[in-house]
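This one's a predicted model, so the numbers in the text were calculated from it and none came from an experiment.
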Protein chains: 2
Amino acid sequence: MSGRVTSTDVAREAGLSRATVSYVLNDDPRQTIPEATRQRVLAAAERLGYRPYGPARLLRGARSTLVLMLTPGLQRATDFVAAGIVTQLGMALREHGLHLVWQLGTEDDRSAAMDLAPAVVLSSAGEGEPAFAELTQQFSVPVLPAFPGLPGFLGGAAVTQVDHLLERGRRVLAYAAPPRADLEPTSEIRWQAIVTEARRLGLAHPVRLTLSANRGEATAQLRALLAEHPEVDGLCAYNDEVAFTVLAAAHDAGIDVPGRIAVIGVDNHPFGYLAVPALSTIESDVTEFVTAFAKSVAQVARGEEGRDVLLPSSARAVARASS
Amino acid sequence: MSGRVTSTDVAREAGLSRATVSYVLNDDPRQTIPEATRQRVLAAAERLGYRPYGPARLLRGARSTLVLMLTPGLQRATDFVAAGIVTQLGMALREHGLHLVWQLGTEDDRSAAMDLAPAVVLSSAGEGEPAFAELTQQFSVPVLPAFPGLPGFLGGAAVTQVDHLLERGRRVLAYAAPPRADLEPTSEIRWQAIVTEARRLGLAHPVRLTLSANRGEATAQLRALLAEHPEVDGLCAYNDEVAFTVLAAAHDAGIDVPGRIAVIGVDNHPFGYLAVPALSTIESDVTEFVTAFAKSVAQVARGEEGRDVLLPSSARAVARASS
DNA sequence: CTCCGTCGTTGACACGTGCAAGTAGATCGC
DNA sequence: GCGATCTACTTGCACGTGTCAACGACGGAG
C-alpha cells in the first residue's frame, strides 16, 4: 500500500509531531491546543485528504462502530418485513454512532467477520438454537438475537387475525399453512396461537390446510376444504403470500370472498391493497421495538449489559374488502 | 481487551516462537515444518480457541476479503430484484474468497467503511453520478458500480414488453409510470425504450400515463385513458407493482383484461402468478451476469484491472393470462 | 535572581500480525 | 576433517494509531 496517507504525513506537512496531530483530530479534551496550531493541523489534513485507518485504531484498542447482522439470503418476496426492520434498525443505530452491515448467506462462515471485527453480532438464529452458541464462541464478541421474542411476535399477529374474523362475525376458522418446509417452525407457532385463541373465545377447533404453491392445486384444495367443512367461514393465512394464493384459488373456483369465506393475511404487504378483493391483513408497528432495540445494542457495544427488548406481541388489523 | 487470545499465547502454549506459529497457521510453503511441531501448534491453537485478529493482519498489509455494497434502504417490495442480485452475488464472491457485506442507507456516511477497510466498494450510484466520484475519493479503495449497464438492462426489459405485446396482436400501446418521483430517471429510460421500439416496429406512438398509487384514482385514470384513446389495446407497466395497480383498476372499472387491454409488468414478482388475472411479466436471468461480475470484482480486489461486465440487456417474457 | 507551575509539544510504547533475516545444529560432499 | 548445504527454528522489524510521561519555554511569585 503506497497510496495511503498516514498521520505521519499530516504531521510532516504541518511541521508538527504526530502526537499533536492525533490530539487535534480527536479533539482530546485533556490537552490544550492553541487555535493557531489547531488550524494548521486541520488544514494539512484537509490538503492531504487524510483519513485515519480503521484497522490501526482498532488494533490500538478503539471500540468498533460496526454491528454485523447475519441472516440467510433474501429469497422470498415476503422477507421484506425483515428487510424493513433491518433498514430501520440501521438508521436507529446510526444515531448511537454505530454502523449496521448485513451479511447474507449461511451463517457458518466464520472467517467473514474476522476482517471487520464488529462490536456486536446480530444473528437471525434464535437464542435457543445450537448455531447461536457456536457463534458466540466463534467471534470473541457478544452475539445477540436479531429478532428477540419472535415467537410472541408471530403468535400475536395470529391472535389478532382470529379476533378480527370474530368481529366480522365469523365463527368457524381455517388456517392456511405455507408449502415450504423450512417455514414449518414459524407456521407451527402461528397455528398453535390460532388454536389457543379460538378455544379461548369458545370457537370451534380450526381446520388446518397446507396450501400448494400451484394455483390449480390450491384451487382444488380450497374447493375440497369448503366441501368437507361447509361451516368454515373465515380463513387465517400464514402470511400475505399464502393469502394471495387463497384469493387466487377462490377467484378461480368461483368462491365469493368475503361472502362465502373471509380471508386475512399477515405482513401488510403493499400488494395486498391491490389484490382482488383488497386483502385484509395484520400490521405490526415495529418502530418502538427498533428504537429500544437499537439502544440495547448500543449498550452491549459499549460493554454494558444490554436490556432485554422484545418484538411487540400485539398487532393491528388492517381491514379491507376480503373480510 | 483482556480476553483476546493472541498468537503469542499459542506460541507459549506450544513452547515455540510466535513466528513458527504464524508459519504453521498460514502454512507458508517457503518453510519446512516437521509434522510433529505442526500438530503441536495446531493442537495448542485449537485448545486455546485462537482466532487471528483481522485488523492486525490488515495493518500488516494483508488484503481485505471484504466487499462493501452501498445502497439506499429496502423500502419497497419491488426492491426484491436488487435483493436477489445481492444475495446471489454474495454467494458467487464467496467462491473467490471474498465476503460481501451490505450497508443500507444514505451513501454519504463516509465513516462507515472506515472500520471495515474493504477491498472493494460497490455503489448503487451509477458511474456518471457525482456521488460516485466522491466515494472514490473518500475511500482509498476502488469503487465499482453495483449494477453496471443498468440503463441497458432497464431498456432491454421494456423492449421485450413491446415485442411481446406485438406478438399478442396488440398495436397501440400505453405506458404506465410509477407515481414516485425518485423513480423518474429509471422510468424515463423505460419510456424511451418503449417509444423507440414502437417506432422501430412501425407502431403508433405510445401513450404515457403516470398512475396514482390510490386505487380509486387509478381506476378513474385508466377509464379516462381508454375513453380518450379507444385504440389503445396493450399496456406496458413500469414494473409489477404498477402492473398490479393497473389490474386492480381494471377490475374495479369493469375493464376486461386481456380482452379490452393486455397488461404486462416487469420483474417477475412471485405474486404476479397469483394476480387476477395472472400477470404477464418480464424476467431477466442475471446468473451469468452475477458470476462474471463476481470474477471482475475479485480481480479488482486483487489489484488488477477488472474486466467490464454489464447487466444483460436481453430479457424473457413470462406469458400469463393478462396478455 | 531563583523556584515552580502551566502551556504547548514531543518521544516512545503498545496493540497483534506477517515475514525477512539470522542462527544453532545436523547432514552432506569431497 | 572441514566448509557447504540444509533443517528447524527464533529474533526483530514494520504496519498506523492513541496516549502516557517527559521536556523545554515562559511567566509570575517570592
Side chain of [X], backbone of [Y]: donor and acceptor closer than 3.5 Å?
X      : Y      : answer
A/N26  : A/Y23  : no
A/S284 : A/V286 : no
B/S296 : B/R307 : yes
B/R40  : B/A14  : yes
B/S187 : B/L183 : no
A/S22  : A/R18  : no

Expressed in angstrom and rounded to an integer, what is the separation of [X] atom [atom1] from [N] atom [atom2]?
X     : N      : atom1 : atom2 : value
B/D28 : C/dA21 : CG    : P     : 14 Å
A/D27 : D/dT19 : CG    : C1'   : 15 Å
A/L25 : D/dT19 : CG    : P     : 12 Å
A/D9  : D/dG16 : CG    : C1'   : 11 Å
A/R57 : D/dT19 : CZ    : C1'   : 13 Å
A/L58 : D/dT19 : CG    : C1'   : 16 Å

- Query: Phosphate oxygens OP1/OP2 of C/dG18: is one of them under 4.0 Å from a side-chain N or O of B/S22?
  - Reply: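 Result: yes.
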
- Task: Indicate whether OP1 or OP2 belonging to D/dC15 is found under 4.0 Å from a side-chain N or O atom of B/Y53.
- Result: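 Result: no.
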
- Under 6.0 Å from the CD atom of A/E35, do we count more than 12 heavy atoms belonging to anything else shown?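 For A/E35, atom CD is crowded (more than 12 foreign heavy atoms under 6.0 Å).
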
- Using five base pairs at each end, measure the axis-to-axis angle across the helix from C/dC1-D/dG30 to C/dC30-D/dG1 and round it to 10 degrees.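 If I round to tens, the end axes sit 60° apart.
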
- Query: If you take all heavy atoms of B/A56 and A/L59, which pair is closest and at what distance?
  - Reply: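 Minimum heavy-atom separation between B/A56 and A/L59: CB-CD1, 3.9 Å.
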
Test of understanding: with side-chain hydrogen bond (donor to acceptor under 3.5 Å, both in side chains), list the residues that count as partners of [X], not counting sequence neighbours.
X      : answer
A/D27  : none
B/T291 : none
A/E46  : none

- Note on the structure: Reading nucleotides 5-15 of chain C from 5' to 3' and marking B where a protein heavy atom lies under 4.0 Å of the base, S where only the sugar-phosphate is that close, and - otherwise, the string is --SSBBBB-BB

- Task: Go along nucleotides 23-28 of chain D 5' to 3' and tag each nucleotide: B for a protein heavy atom under 4.0 Å from its base, S when only backbone or sugar atoms are that close, - otherwise.
- Result: ------

